[in-house]
Protein chains: 2
Amino acid sequence: MAITIKDIARESGVNISTVSRALNDAYGVHQETRGHVLAVAARLNYYPNRVARGLKTRRSHTLALIVSDIRNPFFAEVTRGAEDAARAGGYDLVLCNSDLDPRKQMEYVASLLEKQVDGILMNSVADLSRKQQDQLAASGVPIVLLNRSTASKSFSTVCADNEAGGAMAAQYLLRLGHENIAHLTGPRRHGNLTDRARGFLRFLKAANAKQGITVLHGENSFSGGQTLTQKLLRQQPEISAIFAANDLMAFGAIRAMLELGRRVPEDISLIGFDNLELASVVHPPLTTIHQPKYEMGRAASEMLLRLARNQSKPGSQHLLLGVELIERESCRKRL
Amino acid sequence: MAITIKDIARESGVNISTVSRALNDAYGVHQETRGHVLAVAARLNYYPNRVARGLKTRRSHTLALIVSDIRNPFFAEVTRGAEDAARAGGYDLVLCNSDLDPRKQMEYVASLLEKQVDGILMNSVADLSRKQQDQLAASGVPIVLLNRSTASKSFSTVCADNEAGGAMAAQYLLRLGHENIAHLTGPRRHGNLTDRARGFLRFLKAANAKQGITVLHGENSFSGGQTLTQKLLRQQPEISAIFAANDLMAFGAIRAMLELGRRVPEDISLIGFDNLELASVVHPPLTTIHQPKYEMGRAASEMLLRLARNQSKPGSQHLLLGVELIERESCRKRL
DNA sequence: ATAGGATTCGGAATCGTTTGCAATAAGGGG
DNA sequence: CCCCTTATTGCAAACGATTCCGAATCCTAT
């Protein structure tokens, strides 16, 4: 049986309320008795029961993070940022993998509410029905959405500036003199990727680009990038630059080009998005748009902490983080 | 204010104890009243407060996982397995990143104990002092160590058969006719890598290999693999096969050889260990020893659940999981 | 010396559950 | 018809903390 404040009270001859006050160094306990209590607590090797504490104070000092799959290196990075910030604030983080399944997501949320988590970090609610979203918003826990720019009235968000990133990619390829440019992206409903595409195309259009621009939709994965690239190069062998909507697709593109005997960057320039750890490892090292993944996780946790502590005025907040061009070796001037 | 069983009791005209029993469908409540209570609970949109429950039952229904860094894809995979199994058992998982810092690890453990977690999954205790380890063992929570084969009396373990994996690598390279073989590994104190090296060397020795065998120690990372390979090929250009102690080092080796103009597998065969997701993505696709990462996480969670539920006899348990050779394209017959 | 404010402390309620025990109701055998 | 099981329910005490409130003590200024 573990030591409780009752034991400490008995052992040090004071009431449990005094022990509690001493332990939390609350106002109203004499220095001397505080010292004595603390000494006894240390001697008995006491550690507080946070569950009991939570019952009374109605805060569990835990946050939850629901991602689609922690094995996605993007989320791993975000998660690390979120955990570090939570920990720094004295909270711990429970991890949930939803696979983007709406049912699983709602089950997680229900379970988390029962556990009285103080806030929830989620990477998407896009696939939730309107009704489910309302249910979430009505639940009362603070929620911040990761990676969702569409300013929502019910939820706070933190997101990278995907549109600006798309524009950066366009500007860069234009500056290198490319004219036949393709954009490989994911399913149309994918918000972030759509933003990137929009920024990309808008910039090209604004620059009066006279080039042929091709946009191909497919799976936003390694094999998706691979397949799209094969298709692209079969249809338009004259392509000189590719903007892949994320690094994984870019890796697939590299593979496809390797297999087709097209060299990167000698024959075709390639730029990705995300700046995954692997981007610098792959050959050739991938030029890409850096998303501040760790910072996104950190900022989201910090925002959630403020919300959970009622330190910020109620209502939803929105944070848009900047992106950055990382120049490596997968792009080259058009000859 | 949330709905409690007290509200349900009032609303349905029975005592809270009956409500509690009905909700848990415990023995001793009439079908009819149970039905009524459940209906009222549903109508009021009741969900139980697990914190209060935990206070009384002394189980929090949460497990914790302490890894060095979730960004390491190996741990991401293990974590996913662990979380799935925990969830399947009705537990959730709090994630901790220790960076292998002993102080952080102990802080995490202390915090987790205060939160009354029912069990802890850790990836290593090797860097803890003897005293800290005893302290851990004395804490009373079930602990299972991931990826630590050294059968410990105080802790349960689940681990892949690193030694057998090392032997497999040796057998494979021998079968391909290689004679000048090098092994790139990490720091000497790293238990798992040491096991791999032992299996590897033992097999070569047993096969009466007359070859020159070189073992190089360095950092067990991408750049470690890169550096060691540069050094190796400078000293011994005649090397025909390399066994890297993990895939990350193998990736580094690929990069180094690329830079030195040595082709894989035409000039030099390369085999890794882990079978990371990326192993099939990199060029050339890496032949490697597969560790059942997901299963390790899952098995560890399941073992921990049994321990936490007192379903297995006390004392430590140990599980060794098999490994497997994954043949891709980074190795070739010696001409 | 004493009123009165500030400190310091103890008592007890409370958070939302579970659970042992007693009480009551129901059913069955003699 | 009564006694004895057995099923169903209520009562109340936990679990381990926090916190409001009032009592006791101390200090200080008049």
Side-chain angles (χ1 to χ4, degrees), chain A residues 1-38 40-41 44-62 90 111-118 140 309, chain B residues 1-38 40-41 44-62 90 111-118 140 309:
Chain A
M1 198 83 319
I3 305 292
T4 73
I5 57 170
K6 206 176 291 183
D7 300 312
I8 303 186
R10 187 172 6 84
E11 197 73 12
S12 52
V14 298
N15 188 272
I16 58 164
S17 56
T18 308
V19 174
S20 173
R21 280 186 279 253
L23 257 24
N24 298 324
D25 43 63
Y27 173 80
V29 36
H30 195 88
Q31 274 307 328
E32 197 173 316
T33 69
R34 180 200 306 288
H36 182 220
V37 168
L38 259 39
V40 172
L44 296 187
N45 192 24
Y46 166 80
Y47 60 88
N49 183 328
R50 302 272 172 206
V51 172
R53 183 177 214 271
L55 176 59
K56 181 64 182 170
T57 61
R58 323 190 65 80
R59 9 201 70 204
S60 60
H61 278 255
T62 71
S111 160
L112 294 169
L113 288 179
E114 295 185 358
K115 286 266 183 62
Q116 314 289 118
V117 297
D118 296 332
R309 291 165 169 161
Chain B
M1 198 84 318
I3 305 293
T4 74
I5 57 170
K6 207 177 287 184
D7 299 312
I8 303 186
R10 186 171 9 82
E11 197 74 12
S12 54
V14 298
N15 189 272
I16 59 163
S17 58
T18 307
V19 175
S20 173
R21 280 186 277 253
L23 257 24
N24 298 326
D25 44 60
Y27 172 82
V29 35
H30 194 88
Q31 273 309 327
E32 198 173 314
T33 69
R34 179 200 307 287
H36 182 219
V37 168
L38 258 40
V40 172
L44 296 187
N45 193 23
Y46 166 80
Y47 58 90
N49 184 326
R50 304 268 171 208
V51 172
R53 184 178 214 269
L55 176 59
K56 183 64 183 170
T57 62
R58 323 190 62 81
R59 12 200 66 200
S60 60
H61 278 258
T62 70
S111 159
L112 294 168
L113 289 178
E114 296 185 356
K115 284 269 184 62
Q116 311 290 119
V117 296
D118 296 332
R309 292 165 168 158

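All values reported here derive from a predicted model rather than from experimental measurement. Just so it is clear: chains get the letters A, B, ... in the order the sequence lines come, proteins before strands, and each one is counted from 1.
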How many Å lie between CG on D25(A) and P on dT19(D), as a whole number?
-> 13 Å

Respond yes when some side-chain nitrogen or oxygen of R53(A) is under 4.0 Å from OP1 or OP2 of dG16(D), and no when none is.
-> no

Please state whether the base of dG10(D) and the side chain of T18(B) form at least one donor-acceptor pair under 3.5 Å?
-> no

Which whole-number value in Å describes the distance from R50(A) CZ to dC15(D) C1'?
-> 17 Å

Please report, rounded to the nearest Å, how far the C1' atom of dA26(C) is from the CD atom of E32(B).
-> 14 Å

Whichever of N24(A) and K56(B) has the more 5' nearest nucleotide on DNA chain D, that residue is K56(B)

Between K6(A) (NZ) and dA12(C) (P), how many Å, whole number?
-> 14 Å

Between S17(A) and S17(B), name the one whose nearest nucleotide on DNA chain D is closer to the 5' end.
-> S17(B)

Quick one: D7(B) CG to dG16(C) P, roughly how many Å, whole number?
-> 9 Å

Spell out, as yes or no, whether a donor-acceptor pair under 3.5 Å connects the side chain of S60(B) to the backbone of G54(B).
-> no

Quick one: are N49(A) and R53(A) in side-chain contact, heavy atoms under 4.5 Å?
-> no

V14(A) near the nucleic acid: base, sugar-phosphate alone, or nothing, with a heavy-atom cut-off under 4.0 Å?
-> sugar-phosphate

Tell me: CD of E114(A) to P of dG16(C), nearest whole Å?
-> 15 Å

Select base, sugar-phosphate, or nothing to describe what T57(A) touches, counting heavy atoms under 4.0 Å on all strands.
-> sugar-phosphate

Indicate yes or no for a side-chain donor-acceptor contact from D25(B) to the backbone of A22(B) under 3.5 Å, with no hydrogens or angles considered.
-> no

Can you tell me how far P of dT19(C) sits from OH of Y27(B), to the nearest Å?
-> 17 Å

T4(A) near the nucleic acid: base, sugar-phosphate alone, or nothing, with a heavy-atom cut-off under 4.0 Å?
-> sugar-phosphate

If only side-chain N and O atoms of N15(A) are considered, is one of them under 4.0 Å from the OP1 or OP2 phosphate oxygen of dC9(C)?
-> no

Between OH of Y47(A) and C1' of dG16(D) the distance, given in whole Å, is 13 Å

Kindly determine whether H61(B) and K115(A) satisfy side chain to side chain contact (heavy atoms under 4.5 Å, CB included), including the steps that lead there.
-> CA-CA 9 Å; H61(B) 278 258; K115(A) 286 266 183 62; 4.2 Å; yes

Backbone of V14(B) reached by a side-chain donor or acceptor of T18(B) within 3.5 Å = no

Measure from the side-chain heavy atoms of I16(B) and tell me the nearest of dC9(C), dT19(D), dT17(C).
-> dT17(C)

pair R309(A)-R59(A): side-chain heavy atoms closer than 4.5 Å | yes

Does S20(B) have a side-chain nitrogen or oxygen under 4.0 Å from the phosphate oxygens OP1 or OP2 of dT18(C)?
-> yes

Donor-acceptor pair under 3.5 Å, R58(A) side chain vs dG16(C) base = no

Between N49(B) and R21(B), whichever has its closest DNA chain C nucleotide further toward 5' is N49(B)

Would one find a side-chain N or O of Y46(A) under 4.0 angstrom from OP1 or OP2 of dA17(D)?
-> yes

